[in-house]
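To start, the structure under review is shown below, and the notes come after it.
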Amino acid sequence: FVLGVLIVFRTNQAYSRYWEGATLLLQVRGEWLNATSSLIAFCTSEDSLRDEKVRFQHQLVRLMSMLYCAALQNVALVLDEQMELIDFEGLDPGSIKYLKECGERCDVLCHWIRRLVVEGMATGVIPVPPPILTRVFQELSRGIVNAKDVQKIAEFPLPFPYTQLIVVMLIVQSIVTPMLGAVQGSNPVLAFIVTFVSVFVLWCMNYVAAELEQPFGEDFNDLPIPKMMAGMNERLEVLMQEQAQRPPFFEFHAGMHQLKLVNCQQKGYTSTKSFVEGFCKVRSVSPSPSRAFIRSSSNMMLLLSSDGGSAADGLSATSGNVSSRGRLLSPVSSRSPSKRVALQQLEEGGGSRELGGGALVFDADGGGGGGGGGNRGAFVGWISD
């Protein structure tokens, strides 16, 4: 009973540490991205300060990328070669040398960003009232506080006496339980099953807790630290695009007073949701007899229609799309016999299913997405039109 309570306690603590670490890292990224977005939005529109504005924005995103990278490096047991940040070419070499030798990079970078903002106010690059700008400083501060909370999880493991006591008790239980089963049990097979299951389950729970206690490593079940860094860089790059920095022009007429609802698929406003690689590959879908997702190990998806035409992005009737997480890679002829992928049949465990006139999404395995060859995959589910 005592051993079970201790293992449940350790498992609960490990689970809490895992999700708290993931939550805090995402909060850090969200706070700093919001601060960056606000600063870029606050920049002046005057043509006379255009060069100063561009320099300010580029310096800001480079420092912010370095800041998030430094926060991840403080907690992650990941090789530096797996981490990517926006190239800081153009920054003062003396300052970069000082930063590399500094032990508290996050604090220094956060201070540099604050000074950059203050200088931007003085030069007119950020012509907003100080009370509004304080929001940016608050988000920077909250991000730093959350980053320090993540360090708490990384640097302070579960107290060693708990771990030592649990391991010792598991060893004792592994020795005593078979002996008691042999003495008390009248049926040898039943005694073996009960003994094996009780010992095996407790050891498994202990190892699961040990796996989750430190979620910042390189194991498969650890948090995807390099992917988080890549996500930060991608969002910073989006903020720097000219199209993202200005709102779209809106042409209003009297008929728009009555608001109306439209279908996302009909307007082409389709989902751009992406999942972290290693945790989930496709989103769950609802039943419908018109379209299907098929997945295999190649991490590519082939979108073809069962009548030989295209079902996405307004392509011509003789081409389909090979896409990965929503990105167009290359066109594939759906009429080519060597590249026609399960347009009429869907193999499921030796059986087949006839498809209608809808679209079939197939994750090609071994040549279906870029050359002749395989046309099999794992059936995932149907989606509605």
Side-chain angles (χ1 to χ4, degrees), residues 1-29 71-79 82 146-229 231 275-284 295 297 299 378 380-381:
F1 174 77
V2 176
L3 177 60
V5 171
L6 288 174
I7 291 181
V8 170
F9 168 75
R10 185 182 185 184
T11 303
N12 288 336
Q13 291 296 316
Y15 187 79
S16 299
R17 289 165 58 89
Y18 184 92
W19 284 113
E20 184 181 3
T23 302
L24 289 174
L25 286 179
L26 291 178
Q27 286 180 351
V28 170
R29 189 174 74 178
L72 293 180
Q73 287 176 331
N74 284 340
V75 300
L77 304 175
V78 178
L79 297 177
Q82 299 182 17
N146 289 333
K148 298 299 181 182
D149 288 339
V150 178
Q151 284 186 255
K152 173 193 67 176
I153 299 175
E155 296 178 0
F156 300 101
L158 186 74
F160 179 72
Y162 280 110
T163 304
Q164 187 180 39
L165 179 61
I166 290 174
V167 173
V168 171
M169 293 184 69
L170 280 173
I171 294 175
V172 173
Q173 190 247 6
S174 301
I175 297 175
V176 174
T177 303
M179 297 174 60
L180 293 178
V183 173
Q184 300 292 335
S186 58
N187 188 332
V189 177
L190 182 61
F192 168 77
I193 294 175
V194 173
T195 300
F196 175 79
V197 170
S198 61
V199 174
F200 179 76
V201 169
L202 291 177
W203 276 103
C204 286
M205 291 182 64
N206 185 61
Y207 279 119
V208 168
E211 179 75 12
L212 297 180
E213 279 176 356
Q214 181 56 262
F216 308 113
E218 296 181 302
D219 297 335
F220 183 79
N221 294 311
D222 290 335
L223 297 176
I225 301 297
K227 295 291 183 181
M228 290 183 174
M229 186 68 234
F275 294 93
V276 177
E277 183 177 347
F279 286 86
C280 186
K281 294 185 181 297
V282 293
R283 60 192 177 99
S284 58
R295 180 186 61 190
S297 60
N299 290 331
V380 176

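Source: prediction; values computed, not measured.
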Taking the side chain as C-beta and beyond, is there a heavy-atom pair between Leu202 and Leu170 under 4.5 Å? yes

Would you give the length of the straight line joining atom CD1 of Ile225 to atom CD of Gln73, rounded to the nearest 0.5 angstrom? 11.0 Å

Nearest heavy-atom approach of Glu211 to Asp222 is O-OD1, 3.9 Å

Out of Gln13, Arg17, Arg10, which residue meets the side chain to side chain donor-acceptor pair (under 3.5 Å) rule with Glu213? Arg10

Considering residues, nucleotides and ligands other than Tyr162, do more than 12 of their heavy atoms fall under 6.0 Å from its OH? no

For the atom pair NZ (Lys148) and CG (Asn74), what is the distance rounded to the nearest 0.5 Å? 6.5 Å

Non-hydrogen side-chain atoms of Phe216 and Leu72 separated by less than 4.5 Å: no

Under the salt bridge (Lys or Arg N to Asp or Glu O under 4.0 Å) rule, what pairs show up with a residue in residues 151-167, not counting sequence neighbours? Glu20-Lys152

If I take atom CG from residue Leu158 and atom OG1 from residue Thr163, how far apart are they, to the nearest 0.5 angstrom? 4.5 Å

Ser174 versus Val199, closest heavy-atom pair with distance: OG-CG1, 3.4 Å

Are the side chains of Met169 and Ile7 in touch, meaning some heavy atoms are under 4.5 Å apart? no

Output for pair (Thr195 OG1, Leu190 CG), nearest 0.5 Å, gives 9.0 Å

Roughly how far, to the nearest 0.5 Å, is CG of Asn221 from CG of Leu212? 7.0 Å

Hey, what do you get for CG (Asn206) to OG1 (Thr11), rounding to the nearest 0.5 Å? 7.5 Å

Return the minimal non-hydrogen interatomic distance between Ala209 and Ala14, and the atom names on each side. O-CB, 3.3 Å

Residues in ring pair (Phe, Tyr, Trp, His ring centres under 6.0 Å) with Tyr207, at least two apart? Trp203

For Asp149, which residues count as a side chain to side chain contact (heavy atoms under 4.5 Å, CB included) partner, sequence neighbours excluded? Leu24, Val145, Asn146

Search all heavy atoms of Leu165 against all heavy atoms of Leu6 and return the closest pair with its distance. CD2-CD1, 3.6 Å

For Val78 and Pro226, which heavy atoms make the closest approach, and how far apart are they? CG1-CG, 4.0 Å

Where does the angle between the aromatic ring planes of Tyr15 and Trp19 fall among parallel (under 30°), tilted (30 to 60°) and perpendicular (over 60°)? perpendicular

